[in-house]
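The structure appears below as structure tokens.
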Amino acid sequence: MTGSTTDRYSAGEQGLGYIYQARLALLHLLQLPEDTSVFLEKDDDLDFIDGDGGKSLASLKHKAVGDRLTDLSTDFWKSVNIWLARYKRDGRAASNLRFFMFTTGKVSAGSFLTRLLPDQPVASGDAATLTELANAALAKSTSPLIGRIASEFNELSDPEKQDFLERILIFDGSPRIGDIPATIKDKYLRTVRREQREFVFERLEGWWNDAVIKQLTGAKTEGIFGYEVSDKLSAVAEEYKADNLPITFRGKGPADDIDTENDPRLFVKQLREIGLSSNRIRSAILDYYRAFEQRSAWAREHLLVSGEIDEYEDRLADEWNRYKDVVFEKLRDDSAEDALREAGETLYNWAQFETGKIESLRLRTRVTEPYVLRGNFHILADSKPEPRVYWHPRFLERLGKVLGVAT
């Protein structure tokens with residue numbers, strides 16, 4: 001936690017708990033077999049369902065540094081109260097439930113709860129049973145809350161109490177919310193180059209949070225499976241290979257409304273000159289936006305090799321120039337405006353729909369997202385003081401007259 005507050009109405013701790021819940025679920029789903037699924041806020045904070053249908057209910061406790069779990073800690077007994085209700089509902093000893101508590105705190109050395117920690121040695125025959133230890137702890141409590149929980153617990157027979165308690169595991173010293181990203185990056189992103197792990201994690205967690213929201217809002221009714229996490233992580237990591245780049249602006253658009261009639265940018269004026277419809281101009285503006293923002297994102301993440309974009313633009317401009325000469329070859333000085341516009345649209349359509357088939361015009365071999373190529377042609381068409389590509393055969397002449405640009 002980054003700070004503390006004395007305001008007893010503060011929602012900070014509760015909000016932190018919800019974020020912790022999602023992050024810890026992601027971490028554990030990476031650790032568990034891929035056929036495991038997880039539900040959030042169903043029977044407990046987290047419900048893990050294994051491939052055989054076994055269910056583990058997990059309570060999460062993100063505590064202050066130095067917090068200790070003792071015999072009568074309300075954190076433990078509140079979780080017991082939830083688990084008792086599920087245990088009774090599902091047939092008691094006949095149920096397939098297990099119960100986990102993940103806490104950032106530590107179990108006190110003298111507490112009977114140490115018997116519920118993982119990898120504890122089997123108790124000797126003369127040691128007190130878990131049932132006896134729990135009964136003794138509850139008998140010492142004067143808390144009305146724990147008293148009510150004790151009443152629920154005492155509805156079980158002694159064998160049922162022992163069975164119930166043997167299903168509980170406490171994982172103390174669990175990672176704190178701020179430590180989970182580093183744990184995931186260090187353990188599960190080792191095949192990703194070190195300088196890219198932060199960006200891969202951010203992409204993975206963004207996808208994960210969206211999946212969690214869909215589940216909590218009912219848009220996704222089934223659990224989130226471990227193999228879904230593995231598949232997403234693999235797909236994101238692939239985008240950071242040497243022959244690829246991450247595509248993160250698919251489907252995105254500018255914050256401001258698109259005004260195809262009044263947009264003053266040079267590449268838009270070019271499209272009006274060849275008589276494109278408003279819908280096609282709108283698509284072009286989106287491609288420009290996505291390509292421009294994508295290039296900026298790649299630069300921020302240091303994914304581009306020095307001079308790579310300049311070399312790419314040179315390839316596009318050279319190919320455009322070759323095809324332009326073919327399309328404009330039969331035009332004459334006195335060609336009608338309709339013929340000029342038709343030639344310009346032919347050239348534009350080639351750039352939009354045919355160049356994507358040419359592997360040598362990809363920024364990198366596996367970067368096949370259409371908006372990258374299309375948008376970069378628009379960036380070239382928007383170059384100042386003079387566009388590096390144009391569509392209308394007379395556009396440079398007209399631009400010179402309007403803007404005073406030498407042609």
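Quick note: residue numbers are just sequence positions, from 1. Both backbone and side-chain heavy atoms feed into the values below; hydrogens, waters and symmetry mates do not.
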* To do: Could you please spell out the steps behind the salt bridge (Lys or Arg N to Asp or Glu O under 4.0 Å) verdict for E313 and R295?
  => CA-CA 12 Å; E313 289 184 345; R295 282 169 46 158; 2.9 Å; yes

* Derivation of the side chain to side chain contact (heavy atoms under 4.5 Å, CB included) call for L29 and F225 -> CA-CA 8 Å; L29 211 53; F225 282 85; over 6 Å; no

* Working for side chain to side chain contact (heavy atoms under 4.5 Å, CB included), residues F201 and L233 -> CA-CA 8 Å; F201 172 76; L233 179 54; over 6 Å; no

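Under the 4.5 Å side-chain criterion, counting only non-hydrogen atoms from C-beta, H302 is not in contact with E195. Taking 4.5 Å as the limit, some side-chain heavy atom of I309 sits within range of a side-chain heavy atom of L304. Contact annotation: the side chain of F39 never approaches that of L46 to less than 4.5 Å [non-hydrogen atoms, C-beta and beyond]. A heavy-atom distance below 4.5 Å is not found between the side chains of I82 and F99. Counting heavy atoms from C-beta outward, E261 and S278 have side chains that approach closer than 4.5 Å.
We find that R290 and E293 are not joined by a salt bridge, their nearest charged nitrogen and carboxylate oxygen being 4.0 Å or further apart. Ion pairing of E166 with R115 is absent here, as no side-chain N (NZ or NE/NH1/NH2) approaches a carboxylate O to less than 4.0 Å. Using a 4.0 Å cut-off between charged side-chain N and carboxylate O, R322 and D318 make a salt bridge. Between R265 and D382 there is no salt bridge, since no side-chain nitrogen of the basic residue lies less than 4.0 Å from a carboxylate oxygen of the acidic one. Under a 4.0 Å N-O distance rule, the pair K106/D172 qualifies as a salt bridge. Ion pair K214/D210 flagged as a salt bridge, since at least one NZ, NE, NH1 or NH2 atom sits closer than 4.0 Å to an Asp/Glu carboxylate oxygen. A salt bridge links D43 with R89: the distance from a Lys NZ or Arg NE/NH1/NH2 to an Asp or Glu carboxylate oxygen falls below 4.0 Å. Salt bridge E311/R315: present, at least one basic N to carboxylate O contact under 4.0 Å. The pair E273-R394 does not meet the salt-bridge criterion, since no charged nitrogen lies less than 4.0 angstrom from a carboxylate oxygen.
The CD1 atom of I184 lies 4.0 Å from the CG atom of L26; values are rounded to the nearest 0.5 Å. Rounding to the nearest 0.5 Å places OG1 of T355 at 8.0 Å from CZ of R374. In this structure, CG on L316 lies 9.5 Å from OG on S360, to the nearest 0.5 angstrom. To the nearest 0.5 Å, the span separating CG on L156 from NZ on K88 amounts to 5.5 Å. A distance of 6.5 Å separates CD1 of I285 from OG1 of T260, quoted to the nearest 0.5 Å. To the nearest 0.5 Å, atom OG1 of residue T368 and atom NZ of residue K357 are 14.5 Å apart.
A donor-acceptor pair under 3.5 Å is absent between the side-chain atoms of R176 and the main chain of T104, judged by distance alone. Looking at S73, its side chain never comes within 3.5 Å of a backbone N or O of D75 through a donor-acceptor pair.
Using bins of under 30°, 30° to 60° and over 60° for the plane-to-plane angle, the ring pair Y289/F249 lands in the perpendicular bin. Aromatic ring orientation, Y323 versus W350: parallel (interplanar angle below 30°, classes split at 30° and 60°). Between F267 and Y288, the ring planes lie parallel to each other; the angle is under 30°, not in the 30° to 60° tilted range.
In the model, E397 has no side-chain atom that pairs as donor or acceptor with a side-chain atom of H392 under 3.5 Å. Checking E359 against T365 by side-chain atom types alone, no donor-acceptor pair falls below 3.5 Å. Side-chain contact check for Q215 and E222: no donor-acceptor pair (N or O, by modelled atom type) lies under 3.5 Å. Side-chain N/O atoms of R167 and S95 include a donor and acceptor closer than 3.5 Å. A donor atom on one side chain and an acceptor atom on the other are not found under 3.5 Å apart for R148 and N81. A donor-acceptor contact under 3.5 angstrom links the side chains of D44 and S59, judged on distance only. In this structure, a donor-acceptor pair under 3.5 Å is present between the side chains of S111 and D71.
Of the options R203, E202, Q294, a side chain to side chain donor-acceptor pair (under 3.5 Å) to T248 is made by Q294 and by none of the others.
At least one test fails for K324 against the ring of F328: distance under 6.0 Å to the centre or angle within 45° of the axis.
For N244, the side chain to side chain contact (heavy atoms under 4.5 Å, CB included) partners at least two apart in sequence or on another chain are E239, R366, V367.
Legend: ring-ring contact (aromatic ring centres under 6.0 Å, His included) pairs involving residues 165-199, not counting sequence neighbours, sorted by first then second residue: F100-F171, F102-F171.
Heavy-atom contacts from other residues, nucleotides or ligands closer than 6.0 Å to NZ of K220 number more than 12.
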